[in-house]
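Data first, discussion second: the structure below is written as structure tokens.
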Amino acid sequence: MSINCAAVDRLIDSMSFTQKVGQLNQRLLGWKSVERNAAGRLVASDELKQEIDRWGGLGTLYGLLRADPWSGQHWGNGIRPEERTEAIAVVQQTVLERGAHGIGVLLSEEAPHGHQALGGTVLPTNLGLGATFDPQGVQEAEAAVAAELAASGIHIALVSGLDIARDPRWGRCEECFGEDPLMAARMCEAIVTGMQGEHRSKVGHGGVAVVLKHLAAQGEAVGGRNGQSAVLGPHDLHEIHLPPVAAGVRAGALGFMAAYNDIDSVPCCANPWLLKDYLRDQLGFDGIVMADGLAVDRLEDIVGSIPAAGRAALLAGVDVSLWDEGFTRLEEYADDEQVVAAVDTALRRVLELKAMFGLLPEDGADTVAIAMPSADAIAQATADGREQAKRMAREAITLINDGQSAATLDDIRSVIADAQAGPVIVAGPFADDFGCFLGDYTAPLPADEQSSVYRQLVARLGEDRVLLAAKPSDAPADQWARASTVVFVCGSTSERSYDSEFDDNGAAKAVTEYGATCGEGVDLSDIRLPWRQDDMLGEVAALTTAPIVSVAVCGRAHVLTDVLERSAVTIWAGYAGQYGPQAVADVLVDGADMPGRLPVTLPAYPAAIPVRYNDRQSAAHVYKDAAEPILRGFGYGAGSLAAVTFSEMHADTQSHPGEVLVQVTAHADDHGAAGAVNLFAHVSGGRRIPRLAMLVDSVYMDLNAGERRDIAFHVPCDRLRDVGDGQVQVTCTLDGDSTHTVTATLPGEY
């Protein structure tokens, strides 16, 4: 929808300062805006009415449809999928009836890996999506999520993507696409294009506006402590943490969320260089900047008061608040020329966004007619989302160990397929668990959509064949002795219970002994598998001679050294979403391929961290008690592409000005293969200590059986060179395989 700038200007001129400030506020928690009357129908709450009356309207409403333990909304009291239309209508009609200018309210929802609402699709978390190395697949999945949101009457999707997993102690690693900035950048571009369409073509037309979070460098926090200082120089900030931001702007993102952390002591939500000089002036961003939840109020310790906190964030470049009081106190600065001008600037951005969704009255009209959600459209979009979730779960599954003992995965599949073989024992704390696959920021799913690895194997092999042993003592000794295969499901979980305690921003506050071990607020000092799972696996190994397949369901780079040593096969599943159990069973029973690759480096020891593939100095042989601190490297995957062979690799620096063209020929075996082929580079000859490696391009391919195909990698020279002069030598390696390496020299004057 085109924006009538003159109409926006007239609307701004007609508003009081209080009404303007109200349009910048997102203070009210959406699930508190409606309630049920005696007949069980949804009606506007007094809180909603009071908020509208206070401001003469409402700017943005957060989380109307959100359901999870923090909000307290569940299938017994929350807004069900069939009630979304009713809920949206109640809110929008109340805003229009009580507001002063006939302006609709923007509705924002959490969608970090699917819509966090009852009945919403649950994709793999970003760490799982990162394992796919498939931006096109992510774009299609996010388009399906956006269609569900749009059909439900939602305008803004709050989506993680900017964070880089730099320290596995950080509980929010699951929200990162991994440790690499190039892949994170491509995934952010995929999110924006999928949800907003090319050139924002779907915004207001079956798509939503994306607010990418978190800006910036939150993954660099000292010690992996959530919201802490990021201590790094400008070069690393630009090279590691800002590429996803630039990619989001290029793709047309309509919003960014300023992070909790500070960068070298300056809080992100009060950083004019970050939010103005870099984001707007350098990158040309023209959308809204939203603060993270209550982040504005946290500035009180710096500036001395809550009103001053609101002023500092506004003048630094924040346009829209989130739950805080600071922006509600901007009224106190009605005589401050800087604040008045900044309010008008932010207001114009908010109103222009509303215009894209038809939330502003046409010239001469007193109010706007807002299209209401369609139940049929919601149902169709949700069904499409479920199919995308299934596909992405399968792509996320990663083989990180095969044939550690005499048995290979193919051997184990043959045994499982043999109905006359002994029982298959599904063991470990997550053997019959569904929530471990979902990650943080997930609404509860209905019982008939819940599953587990145990239940999936029972469905395919029968109750008589499959035994459950969450603890080793749960199965008798004779069954362990007769077992043909053991599937040990281990890892971590971000699942919160409805009696959990939370901080005021929704982060986990207190974690019980067997509660969440990952997610926001669950930073860990020890990244070994929790609950002594290594010891449990040792007990299992002592009880049976059957080969063990370990399935690691992880939201961070846990230490899996003991798991690999004791297992014939190890599968890394990330948090693969609601279809994670099915994807694991597809691998074990149906012989499904595993195209996934590790999006993070797995450490071999709990204290030899952080280790990243793109560090400048190797950690090998540094620790005298941990000579080889890396268990599996970034990009490792022994699955479907393992049988592909490569030949005729060469580099060309002449044919395409400004880039290095690297070409290689891939040959598939008799089974075909799908997955990402990655190109890494090591640069020497510049003025800085080079990184050990950099991912410089990645090509996702799908080869038929016996197919031979040429693959071209296009590597921009500016990704390889430091500022200065002199020749730079680039060594390009295919997936870390030293047998496929080419060297190119870039010209000196650039």
Side-chain angles (χ1 to χ4, degrees), residues 1 30-37 39-45 48 61-68 71 73-97 104-111 113-123 140-158 194-197 202-209 356-359 368-390 442-450 577-579:
M1 175 176 291
W31 57 89
K32 295 184 177 182
S33 65
V34 294
E35 57 192 17
R36 296 185 188 276
N37 61 16
R41 299 296 302 274
L42 295 172
V43 296
S45 68
L48 175 63
L61 182 65
Y62 169 90
L64 171 62
L65 304 179
R66 177 170 176 164
D68 67 330
S71 66
Q73 304 300 294
H74 49 74
W75 286 96
N77 64 356
I79 298 171
R80 294 171 174 264
E82 64 270 19
E83 297 176 316
R84 291 181 188 176
T85 299
E86 182 181 358
I88 299 295
V90 166
V91 169
Q92 291 288 11
Q93 288 169 8
T94 305
V95 170
L96 294 178
E97 289 168 2
V105 59
L106 285 166
L107 299 175
S108 71
E109 291 280 326
E110 296 284 3
H113 55 107
H115 184 195
Q116 193 183 5
L118 296 176
T121 295
V122 183
L123 301 175
E140 293 169 7
E142 297 291 359
V145 173
E148 179 191 323
L149 289 162
S152 302
I154 303 304
H155 310 109
I156 298 175
L158 309 181
M195 287 193 151
Q196 295 187 174
K202 292 183 181 178
V203 177
H205 305 281
V208 293
M356 292 182 181
F357 291 100
L359 296 175
V368 63
I370 299 174
M372 288 296 112
S374 159
D376 290 342
I378 294 172
Q380 182 60 57
T382 302
D384 293 343
R386 295 294 198 271
E387 291 303 312
Q388 292 294 334
K390 289 177 186 177
T442 303
L445 274 82
D448 62 357
E449 292 193 38
Q450 298 185 25
Q578 68 189 97
Y579 295 104

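In this text the structure is predicted, and so the values were computed from the model without any measurement.
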Check: What's the spacing between L158 CG and S108 OG if we round to 0.5 Å?
Finding: 5.0 Å

Next item on the list: Start with the C-alpha gap between L359 and Q92, add the side-chain angles, then the distance that decides, and say whether side chain to side chain contact (heavy atoms under 4.5 Å, CB included) holds.
Entry: CA-CA 10 Å; L359 296 175; Q92 291 288 11; 4.2 Å; yes

Margin query: Between R66 and S71, is the side chain to side chain donor-acceptor pair (under 3.5 Å) condition met? List the steps.
Written below: CA-CA 7 Å; R66 177 170 176 164; S71 66; 4.9 Å; no

Next item on the list: Could you verify whether a donor N or O on one side chain and an acceptor N or O on the other, from Q380 and D384, lie under 3.5 Å apart?
Entry: yes

Note to self: Under the criterion side chain to side chain donor-acceptor pair (under 3.5 Å), I'd like the reasoning laid out for Q73 against D68: C-alpha separation, chi angles, the key distance, then a yes or no.
What the structure shows: CA-CA 6 Å; Q73 304 300 294; D68 67 330; over 6 Å; no

Next item on the list: Only counting residues at least two apart or in another chain, list the ones meeting side-chain hydrogen bond (donor to acceptor under 3.5 Å, both in side chains) with E83.
Entry: R36

Notebook entry, point to check: side chain to side chain contact (heavy atoms under 4.5 Å, CB included) with E109: which of L61, I156, L64?
Noted result: L64

Margin query: How close do P81 and G119 get, counting heavy atoms only, and between which atoms?
Written below: CG-CA, 3.8 Å

Margin query: Show the nearest heavy-atom pair for residues L42 and V90, with the distance to one decimal.
Written below: O-CG2, 3.4 Å

Notebook entry, point to check: If you measure from CG on L149 to CD on E110, what distance do you get to the nearest 0.5 Å?
Noted result: 11.0 Å

Note to self: Distance check, rounded to the nearest 0.5 Å: K202 atom NZ versus M195 atom CE?
What the structure shows: 10.5 Å

Next item on the list: Go through the structure and list residues passing salt bridge (Lys or Arg N to Asp or Glu O under 4.0 Å) with E449, not counting sequence neighbours.
Entry: R386

Note to self: Is any side-chain heavy atom of L445 closer than 4.5 Å to one of V122?
What the structure shows: yes

Checklist line | Evaluation steps, side chain to side chain contact (heavy atoms under 4.5 Å, CB included), between I88 and L107 | finding: CA-CA 9 Å; I88 299 295; L107 299 175; 3.4 Å; yes

Item checked: Results of salt bridge (Lys or Arg N to Asp or Glu O under 4.0 Å) for E82 - residues two or more places apart only -> none

Check: Which heavy-atom pair separates A151 from P373 by the least distance, and what is that distance?
Finding: O-CB, 3.0 Å

Margin query: When you measure from the side chain of W31 to the backbone of G78, do you find a donor-acceptor pair of N or O atoms at a distance under 3.5 Å?
Written below: no

Note to self: Walk me through whether L65 and R84 qualify under side chain to side chain contact (heavy atoms under 4.5 Å, CB included).
What the structure shows: CA-CA 8 Å; L65 304 179; R84 291 181 188 176; 3.9 Å; yes

Margin query: How close do T121 and G385 get, counting heavy atoms only, and between which atoms?
Written below: CG2-O, 3.3 Å

Note to self: Among residues at least two apart in sequence or on other chains, which ones pass ring pair (Phe, Tyr, Trp, His ring centres under 6.0 Å) with H155?
What the structure shows: F357

Note to self: Going by ring pair (Phe, Tyr, Trp, His ring centres under 6.0 Å), name the residues that satisfy it together with Y579, two or more places apart in sequence or in a different chain.
What the structure shows: none

Check: Shortest non-hydrogen contact from V145 to H115?
Finding: CG1-N, 4.0 Å

Next item on the list: Let me see the working for S152 and I378 under side chain to side chain contact (heavy atoms under 4.5 Å, CB included), right down to the final yes or no.
Entry: CA-CA 6 Å; S152 302; I378 294 172; 3.8 Å; yes

Check: Is a donor on one side and an acceptor on the other found under 3.5 Å between the side chain of Q578 and the backbone of L123?
Finding: no

Check: For the residue pair I79 and A87, what are the closest heavy atoms and their distance?
Finding: CD1-CB, 3.7 Å

Next item on the list: Mind checking salt bridge (Lys or Arg N to Asp or Glu O under 4.0 Å) for R41 and listing every partner two or more places apart, or none if nothing turns up?
Entry: E86

